*Asks:* 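Take a look at this one; I'll ask things after.
Chain identifiers are assigned alphabetically (A, B, ...) following the order of the sequence lines, protein sequences preceding nucleic acid strands; residue numbering begins at 1 within each chain. Reckoned from all heavy atoms, side chains included, excluding hydrogens, waters and symmetry mates. Treat the numbers as computed from the prediction; the structure is a model and nothing was measured.
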Amino acid sequence: MFKKILSVVLCVSLILSVTLLVGCGDSGSADVYFLNFKPESANVYIELAETYQKETGVKVKVVTAAANTYEQTLKSEIAKSSAPTIFQVNGPIGYQSWKDYCLNIENSDFAKLLSDDALAIRDANGKGIYAVPYVVEGYGIIYNDAIMRKYFSLSQRAVDIDNADQINNFATLKAVVEDMTAHKDELNIDGVFASTSLLSGEDWRWQTHLLNVPLYYELRDSEDYSDPTIAGLNAKEVAFRYSENYKNIFDLYINNSITEKGLLGSKSTSDSMAEFALSRVAMVQNGNWAWSQIKDVKGNTVAENDIKFLPIYIGVDGEEEQGLCIGTENYFAINKNVSEEQQQKSLDFLYWLFTSDTGKDYVTNKLGFVTPFTSFTQAELPNDPLAREVVRYMNDRSKETVPWIFTSFPSDVFKTEVGGVLLEYAQGNKVYQDVENTVKSKWKSERK
Amino acid sequence: MKKGAKRWAIVFLLPTVIAFCIAFLIPFIMGLYLSFCEFRTVGDAQFVGLQNYIRAFSQDSDFINALVFTIKYAITAVISINVIAFFLALMLTRRIRGTNLFRTIFFMPNLIGGIVLGYIWQLIINGVLYNYGYSITSSATFGYWGLVILSSWQMIGYMMIIYIAGIQNISSSVLEAARVDGASSLRTLISITIPSVMPSITICLFLSITNSFKLFDQNLALTAGAPSKQTQMLALDIYNTFYGRIGYEGVGQAKAVVFFVMVAGIALLQLYFTRSKEVEH
């Protein structure tokens with residue numbers, strides 16, 4: 001009897017395991033597989049895919065990589081038989097690592113939407129179009145104008161300007177910030193700047209975005225190349241000529257921060273955005289994508305109209321004309337190794353997204369993208385305060401935009417190493433000279 | 001009947017064998033092969049010979065640094081886990097009140113995942129260090145002791161259970177004979193208890209040594225290697241090499257193979273030495 005039961009149990013488990021193995025296989029493949037980079041927009045894309053399927057019958061599969069894991073996810077997904085058809089590269093360096101997978105889309109309708117061909121990524125000989133930027137973003141110092149107005153209404157202050165708009169160089173910024181720190185009780189803030197987040201993986205605002213500014217000024221003066229990004233891509237070494245300026249602005253951040261220097265290693269970007277949203281600080285360096293982070297903080301006390309941008313001044317001659325850092329590191333590429341039909345369907349999807357009324361509505365209002373495409377008119381721009389500021393700076397002819405030359409930084413390791421040494425400098429375990437040396441030596445060793 | 005069952009055995013074994021091949025054997029062989037290749041995704045690999053192994057050691061000192069840190073950590077952690085677990089086991093086999101409750105409580109941390117534990121301990125340790133103006137990333141020493149405390153807290157309960165099983169197996173007649181002969185409790189511990197639980201010591205040492213070398217999620221969650229990779233252990237270094245650096249996938253794979261050989265070697269050596277000390281009842 002027992003043996004009979006045993007054999008029945010074994011048979012059942014055998015059948016189950018076989019069906020399970022089969023079940024692991026294909027679960028209905030989609031025509032378009034989009035591997036999304038932006039976790040904050042994950043749900044919007046899923047909704048978008050459903051809408052698209054309803055309109056055209058083409059099934060779009062959306063998978064979102066968790067924050068900071070896009071390269072890992074892409075690496076494992078693209079090796080599968082049902083690989084992503086649309087994926088993202090983060091600029092010329094990212095293209096270098098994925099070039100064997102990028103299709104030349106020069107003749108597609110989608111690529112022709114670009115308002116400026118120069119934005120696209122071409123191969124080493126400057127031929128073809130392999131990746132197309134789809135969003136333009138800007139960053140600078142975000143400030144809360146309510147607190148600034150309060151400061152400028154103080155009777156005793158160290159500067160003779162009377163609103164934040166008039167801050168147009170590093171010296172003024174430093175004077176204002178230091179005076180605000182002295183008056184922080186009257187201003188009812190805990191510090192001028194939000195935490196300089198140096199937690200590992202959260203230090204990109206400093207080792208990438210902030211470092212962009214001094215290196216831009218250096219590469220701009222390159223004798224061989226007129227485009228600073230291309231100069232950066234070709235630079236075997238950097239002199240880090242504006243190292244002192246980098247130190248000055250970084251010191252300003254950490255000396256007037258809400259958080260003690262020794263504790264910065266435990267702070268994340270969302271910590272700093274929350275500090276800003278709760279009006280505990282007046283300023284924070286970040287980009288227009290941070291709007292959702294400010295908006296979604298519970299108990300948010302910053303008024304939408306009070307959120308403004310200030311360029312990152314570092315004390316370079318002529319910086320009064322400097323604007324925000326505007327650029328992109330989000331490029332769409334089409335997988336070369338999927339079927340031609342899938343490639344075409346993917347391109348059609350992207351074209352639909354950026355030209356149809358439904359698609360454009362999603363892009364402007366739900367994704368909040370400022371796009372570099374001709375299909376968008378001035379009226380079709382996102383309506384959040386930071387995006388509006390970016391557009392304002394972009395259209396201001398008197399301001400000179402700082403491009404995102406960090407897309408030419410030699411590797412992620414370069415950035416991580418700089419982040420690590422910044423943390424140790426902030427904590428006092430290392431001196432600034434070590435930061436400078438790391439930037440120079442790692443640029444050289446990572447660029448091969 | 002017997003013959004029939006034997007013939008069927010293969011069929012019934014098949015699912016397990018297939019699963020074993022898919023989940024273990026094939027990836028293992030593939031990994032071994034990939035360590036000799038230059039590749040971006042596992043699908044398209046190009047054979048490059050020993051180059052990856054050379055780069056793993058010559059490129060930078062990360063791997064060696066991680067190795068040194070891991071060994072330092074493993075020594076402290078293995079000692080603290082086993083000594084404390086053994087004494088807890090001794091105490092909890094004395095028939096004191098609430099023994100079962102204590103055993104459960106000590107075992108519980110083991111049921112929490114490493115990532116969660118890492119973040120919890122990061123909060124606790126930072127909470128303490130904040131008072132002095134430090135955080136866990138201020139110095140590698142904090143990270144080091146943080147890891148030791150965290151893994152001790154997690155592993156002690158598990159090892160304790162194994163030691164308890166060993167101690168309960170010691171025949172009471174031997175202990176009684178010792179008492180009649182007038183052996184002190186220290187003498188009993190050294191001459192009877194420890195030799196008798198040698199099998200438990202073997203397994204506990206094996207588990208704690210291999211776990212200490214393979215430690216990953218706790219390391220990632222507690223410090224993620226900060227400051228400047230000084231608290232980065234081997235597994236995390238391999239992960240970062242493989243995923244964090246384009247063009248270094250093969251190097252990461254080579255490091256992983258070196259890592260495997262090392263851990264297997266150390267574990268086998270340890271098994272050989274402690275096995276030889278085991279006594280037969």
Side-chain angles (χ1 to χ4, degrees), chain A residues 3 7 10-11 13-18 20-21 24 69 71-81 83 93-94 96-101 198-201 203 259-267 337 411-413 416-417 419-424 426-430 434 438 445-446 448, chain B residues 1 4-5 8-9 11-19 22-23 39-45 59-60 62 122-123 125-127 129-140 142-143 220-232 236 239-249:
Chain A
K3 273 194 176 152
S7 64
L10 284 173
C11 281
S13 62
L14 177 66
I15 292 162
L16 269 180
S17 58
V18 169
L20 273 179
L21 275 175
C24 287
T69 62
E71 290 287 310
Q72 286 97 304
T73 317
L74 181 57
K75 216 176 260 187
S76 51
E77 286 296 301
I78 214 158
K80 293 180 180 170
S81 58
I93 296 284
Q96 276 308 314
S97 37
W98 293 105
K99 62 180 178 213
D100 295 341
Y101 294 88
L198 286 166
L199 188 68
S200 138
D203 47 4
T259 308
E260 257 181 82
K261 288 185 208 174
L263 309 181
L264 292 172
S266 60
K267 293 292 178 185
N337 301 329
S411 72
D412 278 345
V413 173
T416 322
E417 297 272 347
V421 71
L422 279 177
L423 169 65
E424 294 203 79
Q427 289 172 343
N429 305 342
K430 288 207 166 146
D434 296 319
T438 305
S445 66
E446 287 298 312
K448 273 173 295 249
Chain B
M1 182 62 209
W8 280 101
V11 179
F12 287 123
L13 270 176
L14 206 60
T16 319
V17 171
I18 293 173
I22 291 176
F39 65 97
R40 199 109 313 155
T41 60
V42 293
D44 56 7
Q59 191 75 36
D60 44 38
D62 284 359
Q122 190 193 48
L123 287 177
I125 294 170
N126 273 339
L129 290 176
Y130 272 3
N131 300 326
Y132 306 96
Y134 292 115
S135 77
I136 191 157
T137 58
S138 298
S139 142
F142 294 144
L220 181 72
L222 194 69
T223 63
S228 295
K229 297 185 184 166
Q230 287 177 45
T231 59
Q232 182 167 268
L236 188 60
Y239 173 82
N240 283 339
T241 315
F242 192 97
Y243 283 117
R245 269 186 117 155
I246 297 285
Y248 279 73
E249 291 83 356

*Asks:* Looking at B:Tyr134, I'd like to know if its OH atom is crowded, meaning that more than 12 non-hydrogen atoms belonging to other residues, nucleotides or ligands lie closer than 6.0 Å.
*Replies:*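 For B:Tyr134, atom OH is not crowded (no more than 12 foreign heavy atoms under 6.0 Å).
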
*Asks:* Most heavy-atom pairs under 4.5 angstrom with chain B, which of A:Leu423, A:Ile93, A:Thr416?
*Replies:*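 The candidate making the most pairs under 4.5 Å is A:Leu423.
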
*Asks:* Could you walk me through whether A:Gln427 and B:Ser135 pass the side-chain contact (heavy atoms from CB on, under 4.5 Å) test, one step at a time?
*Replies:* CA-CA 9 Å; A:Gln427 289 172 343; B:Ser135 77; 4.1 Å; yes

*Asks:* In terms of heavy-atom pairs under 4.5 Å with chain A, which of B:Ser139, B:Gly247, B:Pro227, B:Ser138 leads?
*Replies:*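 If we count pairs closer than 4.5 Å to chain A, B:Ser138 comes out on top.
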
*Asks:* When you measure from the side chain of B:Lys229 to the backbone of A:Gly420, do you find a donor-acceptor pair of N or O atoms at a distance under 3.5 Å?
*Replies:*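 A pair under 3.5 Å: no.
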
*Asks:* Measure the spacing between OG1 of B:Thr137 and NZ of A:Lys267 and express it to the nearest 0.5 Å.
*Replies:*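 Answer for the OG1-NZ pair, B:Thr137 versus A:Lys267, is 11.5 Å.
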
*Asks:* Heavy-atom distances under 4.5 Å only: say whether A:Ser200 touches chain B with side chain, backbone, both or neither.
*Replies:*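 Only the side chain of A:Ser200 comes within 4.5 Å of chain B.
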
*Asks:* Check each atom of A:Leu263 against the heavy atoms of chain B and say whether the ones under 4.5 Å are side chain, backbone, both or neither.
*Replies:*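 Both parts, heavy atoms under 4.5 Å.
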
*Asks:* Is it the side chain or the backbone of B:Phe242 that comes within 4.5 Å of chain A heavy atoms, both, or neither?
*Replies:*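 Backbone plus side chain of B:Phe242, per the 4.5 Å heavy-atom cut-off to chain A.
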
*Asks:* With a 4.5 Å cut-off on heavy-atom pairs, point out which of A:Glu71, A:Glu424, A:Glu260 contacts chain B the most.
*Replies:*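 Top count of heavy-atom pairs under 4.5 Å with chain B: A:Glu424.
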
*Asks:* Is it the backbone or the side chain of A:Leu199 that comes under 4.5 Å from a heavy atom of chain B, or both, or neither?
*Replies:*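 Answer is side chain: those atoms of A:Leu199 sit under 4.5 Å from chain B.
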
*Asks:* Nearest 0.5 angstrom please: A:Leu74 CG to B:Tyr243 OH, how far?
*Replies:*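 One finds 11.5 Å between CG of A:Leu74 and OH of B:Tyr243.
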
*Asks:* What part of A:Gln72 lies closer than 4.5 angstrom to a heavy atom of chain B: side chain, backbone, both or neither?
*Replies:*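 It is both, since atoms from each part get that close.
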
*Asks:* Answer with side chain, backbone, both or neither: which region of B:Phe39 has an atom nearer than 4.5 Å to a non-hydrogen atom of chain A?
*Replies:*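 No part of it gets close to chain A.
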
